[in-house]
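For reference, the structure is listed below as structure tokens.
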Protein chains: 4
Amino acid sequence: MASKQKKIIFLIQCEDRKGILSATSTWFYQRSYNILHCQQHTDNIEGRYFMRIELDMADLKTTRKELEEDFAVFAKEYNLSWECHYSDYRSRMAILVSKTSHCLYDLIARKDEGDLQCDIPLIISNHPDLEIIANQFRIPFYYLPVTPETKAEQELKVRTLLKRFDIDVVVLARYMQILSSEFIEEWQGKIINIHHGFLPAFQGANPYRRAYERGVKMIGATAHYASKDLDQGPIIEQDVVRVNHELGPSGLRDVGKDVERRVLAKGVQAHLESRIIIFKNRTIVFGSEQ
Amino acid sequence: MASKQKKIIFLIQCEDRKGILSATSTWFYQRSYNILHCQQHTDNIEGRYFMRIELDMADLKTTRKELEEDFAVFAKEYNLSWECHYSDYRSRMAILVSKTSHCLYDLIARKDEGDLQCDIPLIISNHPDLEIIANQFRIPFYYLPVTPETKAEQELKVRTLLKRFDIDVVVLARYMQILSSEFIEEWQGKIINIHHGFLPAFQGANPYRRAYERGVKMIGATAHYASKDLDQGPIIEQDVVRVNHELGPSGLRDVGKDVERRVLAKGVQAHLESRIIIFKNRTIVFGSEQ
Amino acid sequence: MASKQKKIIFLIQCEDRKGILSATSTWFYQRSYNILHCQQHTDNIEGRYFMRIELDMADLKTTRKELEEDFAVFAKEYNLSWECHYSDYRSRMAILVSKTSHCLYDLIARKDEGDLQCDIPLIISNHPDLEIIANQFRIPFYYLPVTPETKAEQELKVRTLLKRFDIDVVVLARYMQILSSEFIEEWQGKIINIHHGFLPAFQGANPYRRAYERGVKMIGATAHYASKDLDQGPIIEQDVVRVNHELGPSGLRDVGKDVERRVLAKGVQAHLESRIIIFKNRTIVFGSEQ
Amino acid sequence: MASKQKKIIFLIQCEDRKGILSATSTWFYQRSYNILHCQQHTDNIEGRYFMRIELDMADLKTTRKELEEDFAVFAKEYNLSWECHYSDYRSRMAILVSKTSHCLYDLIARKDEGDLQCDIPLIISNHPDLEIIANQFRIPFYYLPVTPETKAEQELKVRTLLKRFDIDVVVLARYMQILSSEFIEEWQGKIINIHHGFLPAFQGANPYRRAYERGVKMIGATAHYASKDLDQGPIIEQDVVRVNHELGPSGLRDVGKDVERRVLAKGVQAHLESRIIIFKNRTIVFGSEQ
């Protein structure tokens, strides 16, 4: 969603306490920043406060580094966890796939149309099938086959590639491999997976077959951050589609593809637009304002 | 949905085979019935054929008993399982509740408005709280408290009441008691339960608390026939509503109430309109045509 | 949605300018208010700023009048339009109906269940049909028939009743009469209507018949504030339901009832929870946080 | 949706009368066809009967021509309008575009993934912008610019191309040109358009701007057959997405793109799978069974 105005985005979380909004907004006001948009959430159960602030980048009178160093002093005083993003930075996104193309196609198309503000410097796969799509879009394609014996070694190659290409975010677009906990830990909050089921229903394999057998009347998909426990990471986005008795497992799969691509795209977009704060196993996903 | 035209409805299932549609439609044609509506489904995985036929009751030139005896001969020849319903018959529906009123209110209101073609001769509860609603609508209310010691005895009273009132279908409108397998077996395919979760996610207790903890982005409800395995019976209807981080467990519960009442009402309506065929643990729910 | 914590709610709008958030949040902080929830919106096209602030009522150390007088000084300085609401105040809601009961039933049921924080001191109708429902719930029912000749006179009686009963908000729950512009002006922003169509499609009469003729695949409903131009007032809430060729006009009407009651209830709830700000012909409807 | 079993599909409509189902199903049974799937609809208001029959192509013991000639005799006797399709035939689909790529991308991707059973022999545009996409997928791209003076001439070129490439169905994937009534008449029921609005709301130009100004809470898209009256043709598919005050016209447009591509794809798929019957200005769209 190509908004012309450049923005600085702060994502902040801290223990809930009186005066935090006043202190923060005043801090920015005193430095002559116009707050374009401020979103907050208080989790009363956890006693936790979350804030997303959009500033007009035209008000930036210092270097970015100076802004961040300056804010760090304030943040320390108030014990804030925070990140700072700049809307003119294009995240570098790696896509990992296996054999299924629908999510891959969709992500590339949305990037090309300007809906996903990112570059896609490479696609990695454990199968050669989707090279043709990578070629169509002139994106480097790395085929890294994997066997039980070579799993560790192959994953190392993947991680080396991600570093070499200076990747910011990894999208598992139906990549049918389980990642090691070292990988996941290193990339905490930066790997987005699409699960082709409405979690927590049908965790694990063959969700469409099991959905058919259970006779469900809706099927869904879930985009979530990867975590050590398979399919248990913080959920970013979910959606469903109504189905009926007329669809067998393969029909459900076909219908499900549409939900998968939509849900994954929305999850990736929220991440790229710096609208997500993770706390414990949950996400705060602020709405987009345009 | 009060349609003026009276109808005879046949629900049929059998092994899939050539010619069954021809034979059946011809059987009715030869007896001068106008087929108002014919819906079919073939489950290719199970090799099973399902059919729902609506006839114009004005074409009935025999007694109902004669029609059924006549059809039984045909059905035997083709090895059909079947039921026959008449749209001018008002099913007698018992509602079982505990303390929560939203589904009860909704069912009664829809009955009064003519959307649910049934009578509600009694409400049974293990708590006295909802008697006031029963009184508002002048429906007999039976308060049958239950303790671990009196459970079997209480259930017996419930079943006796259902027989005494000549009940056709039992709706568990948030009745927080587990039924014995004898009860469920006796009423196979005639007890509809609303589960306040999107089955198979969050089976069992406290689904909203668990939905909050899991950080889901949608919550749902499921209407299903009661089966011996708790929350595992054939699903009739499901729906979801989008939620976000702003809702804690009680907020989810409030939002969930709306889905619950809607889903239960749709499930009950499909049952009352003879649009459901059960096969194994799945339902075929034919659409309504009006 | 019965939240235990009592709250003070400020709804504020003004021209967009730097520092407004800092000034406002600091104003409350200096008076030791804990801001429970702060929601904002900037309409860049209109250059307009909107804010909703929830304060903990436990922090109120003055009378309500003093708080408001105190804030009025600040508001004048910053040129704010504002309202102040208290969550322990139960709005007094009048329901106007004609012959159709589904919305009426639904509103009363939700009030009784605690989802709508209001009292319903009276129901007014131009037809006697729904008196029975009013009686069931022991709500005074005023039957004020209307003919072309008595229209002005009848409306005067309606308005007199609203004053006599000290009404805060009027809900047209399928009240099939057009209100005079005097009535609407006097009650600006306080009359909520349900239109049984997905505005701006099918404005005016017989929307279901016209939806059938147009062969639409979804039908909807719209809750909006009444305005002088019929069906043109600020939209609060809309929803749709998927339909298909199987439904004729009466089938669409039946299905539509469910959307109507849901949409009206959500619109009324947003109003009662002081989550709506009107600007020109549009509404800002802030989400509920619980 | 690549189903392995080859099928013969009959689409039939006629005046409603007794015995039509019996006669038709018996006709096929006598020729030893297995009816895989039979869907029917009776429009009681119009007195019109619609039927879709899927036969197992393995049962075809004659040439296709013989089957059709044979059936034509029967159809004449019963006064049926009918079409016969074969699932192993790949329709030839032309896509007409202007400058917007999202629907084009989506259609091509779904074709490549096997969800749309068709070939796309050419893309035609009145602007050169999307040639790059056509090249990526190696689809011939015809750039036919248009001015008010050359409009008739350009359209002639378009129609000539459609014939030269032996096109079966034309998809207007955001082609911002009005077609002449000759063109539309010649291609009656074979041109599918996507309207970026929830018809009949916001017919005509700039629907997102007008949706913003009206303050709607949902936006939608409509796939319909082109007709002489602009945006008035038979609707095939519609969908909506929930929006709120945070989205301005450009935000609505971005969100709308996703609905547009989804709705167009579903409409095109229903057409390609021979699931649509047109009657007057309405469509009967039978569900897909897989």
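First the proteins, then the strands, lettered A, B, ... as listed; each starts at 1.
- Proximity to chain B at a heavy-atom threshold of 4.5 Å picks out nothing from residues 45-55 of chain D.
- The existence of a salt bridge linking D:E213 and D:R209 is confirmed by a sub-4.0 Å separation between a basic side-chain nitrogen and an acidic carboxylate oxygen.
- Counting only heavy atoms from C-beta outward, the side chains of D:K266 and D:V263 never approach each other to under 4.5 Å.
- Although no hydrogens or angles enter the test, the distance criterion places no donor-acceptor pair under 3.5 Å between the side chain of B:E83 and the main chain of B:I277.
- The most heavy-atom pairs under 4.5 Å with chain B, out of D:I20, D:T26, D:T24, come from D:T26.
- Annotation: side-chain hydrogen bond (donor to acceptor under 3.5 Å, both in side chains) contacts of B:E246 (sequence neighbours excluded): none.
- A 4.5 Å side-chain heavy-atom check between B:K7 and B:M57 finds every atom pair outside the cut-off.
- No side-chain heavy atom of D:S227 sits under 4.5 Å from any side-chain heavy atom of D:Y225.
- Nearest approach of B:Y208 to B:G256, heavy atoms of both residues: OH-CA, 3.2 Å.
- Side-chain contact between D:Y78 and D:I12 is absent, with no heavy atoms from C-beta onward closer than 4.5 Å.
- Identified by a heavy-atom distance below 4.5 Å to chain D, the contributing residues of residues 36-44 of chain B are B:L36, B:H37, B:C38, B:Q40, B:H41, B:T42, in residue-number order.
- Only the side chain of B:I35 comes within contact range of chain D, judged by heavy atoms closer than 4.5 Å.
- Sorted by first and then second residue, the pairs that involve residues 15-41 of chain B and meet salt bridge (charged side-chain N to carboxylate O under 4.0 Å, His left out), not counting sequence neighbours, are B:K18-D:D59, B:R31-B:D70.
- Considering only heavy atoms from C-beta on, B:N79 stays 4.5 Å or farther from B:C14 through its side chain.
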